[in-house]
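Heavy atoms only: backbone and side chains are in, while hydrogens, waters and symmetry mates are out. In listed order, ligands and their atoms are each counted from 1.
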Amino acid sequence: MKKILLIATGGTIVSRMGKNGLVPQIRAEELLQYVPQCREFCEVTAMQLMNLDSTNMAPRDWEVIARSIREQYAQYDGFVICHGTDTLAFTAAVLSYMIQSSPKPIVLTGAQKPIDLEITDARTNLADSLLYASDPNSSGVVIVFDGKVIAGTRAKKMRTKSYNAFSSINYPSLAVIREGKILRYNESKEQGGPVFYEKLNSKVGVFKLIPGVPSDILDSYFRLFDAVVIESFGAGGIPDAPYYKFSDIIARWKDAGKILVMCTQVTNEGSDMGVYEVGKGAKSEFGFLETYDMTLEAAVTKLMWILSFTHDREQVKKLFYTQVNHDILYPAQ
Ligand code: ASP
């Protein structure tokens with residue numbers, strides 16, 4: 001019988017209606033009453049680590065989650081983390097960097113409806129997650145949600161209400177779960193690890209371009225952050241019409257040692273700064289890294305991980321383009 005640690009962190013899955021809307025309230029042990037069938041294949045220990053609406057999840061909480069998995073790693077065969085859906089993709093990405101090459105599965109799940117409602121996705125998502133975490137062929141950090149198993153670095157919340165809240169971006173789902181059976185599209189099993197990292201550098205900012213945005217705002221970002229991800233349009237470029245002052249600002253902060261990263265606001269197919277003059281010019285002049293097919297969630301949390309132990313530009317570049325938990329295909333291959 002597999003031993004699974006169920007870690008509750010909050011979210012809709014454990015929420016009840018309060019005076020001002022849904023609030024996380026259902027305790028970790030209570031969750032297990034809703035999935036009694038799982039006793040047939042696993043023995044679950046429930047742990048109440050925090051109880052947040054995941055809107056409040058922050059890097060210090062990610063350090064707490066990673067640390068508690070490290071402390072309990074030897075005692076269990078797999079881990080299931082119940083989490084709010086709003087920032088679940090960020091947490092899955094950051095755990096992919098903080099716990100690398102884990103031969104034991106670390107599954108994140110949540111729900112669009114609380115588990116104590118009559119009609120809810122929560123019971124299926126929790127039962128599927130326990131099933132996946134108990135399977136000997138599972139490994140690494142993944143999200144199990146609405147019958148899909150998505151690599152921890154590839155998920156994005158695409159719907160605020162429907163059960164199929166998450167998509168796997170620029171990469172296929174690893175498996176599907178239908179009526180208690182796991183159908184794997186990717187058979188590879190993580191090995192060599194686990195390698196744990198304890199700290200994050202939260203000084204990573206995301207600056208979203210809109211047409212006509214005042215250039216000075218970018219200056220404030222560079223003041224606050226060690227790395228700034230510019231979320232640009234399409235394949236990726238820096239506006240250079242005469243009324244913009246981005247080039248001067250970026251040149252100044254690059255010389256001050258800040259890390260510059262380009263990503264795109266377009267969900268699918270990723271950045272490619274080499275296509276247009278506004279991208280190619282900026283990349284060669286300022287040494288931008290670009291996210292290519294990585295998600296924003298993965299890029300931001302990967303930078304938090306890398307910048308926790310190095311600021312050396314070449315080292316940052318090498319690690320940023322090194323594949324971790326399926327996060328980047330191009331130019332890593
Ligand atoms: N606001 C909730 C949260 O992220 C939404 C959810 O769990 O679905 O905690």
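- Under a cutoff of 6.0 Å and an axis angle of 45°, K283 and F288 do not form a cation-pi pair.
- I4 approaches A133 most closely through the heavy-atom pair CD1-O, 3.5 Å.
- Taking the ring centre of Y73 as origin, the terminal cationic atom of K104 falls inside the region bounded by 6.0 Å and 45° from the ring axis.
- Looking at S188 and N186, their side chains do bring a donor and an acceptor atom within 3.5 Å of each other.
- V261 and V213 end up in different hydrophobic clusters when Ile, Leu, Val, Met, Phe, Trp and Tyr side chains are linked at under 4.5 Å.
- Pocket lining of ligand 1, defined as residues with a non-hydrogen atom under 4.0 Å away: G11, T12, D53, S54, G84, T85, D86, A111, Q112.
- Checking T291, D327, T322, T153 one by one against K302, the side chain to side chain donor-acceptor pair (under 3.5 Å) holds for a single residue, D327.
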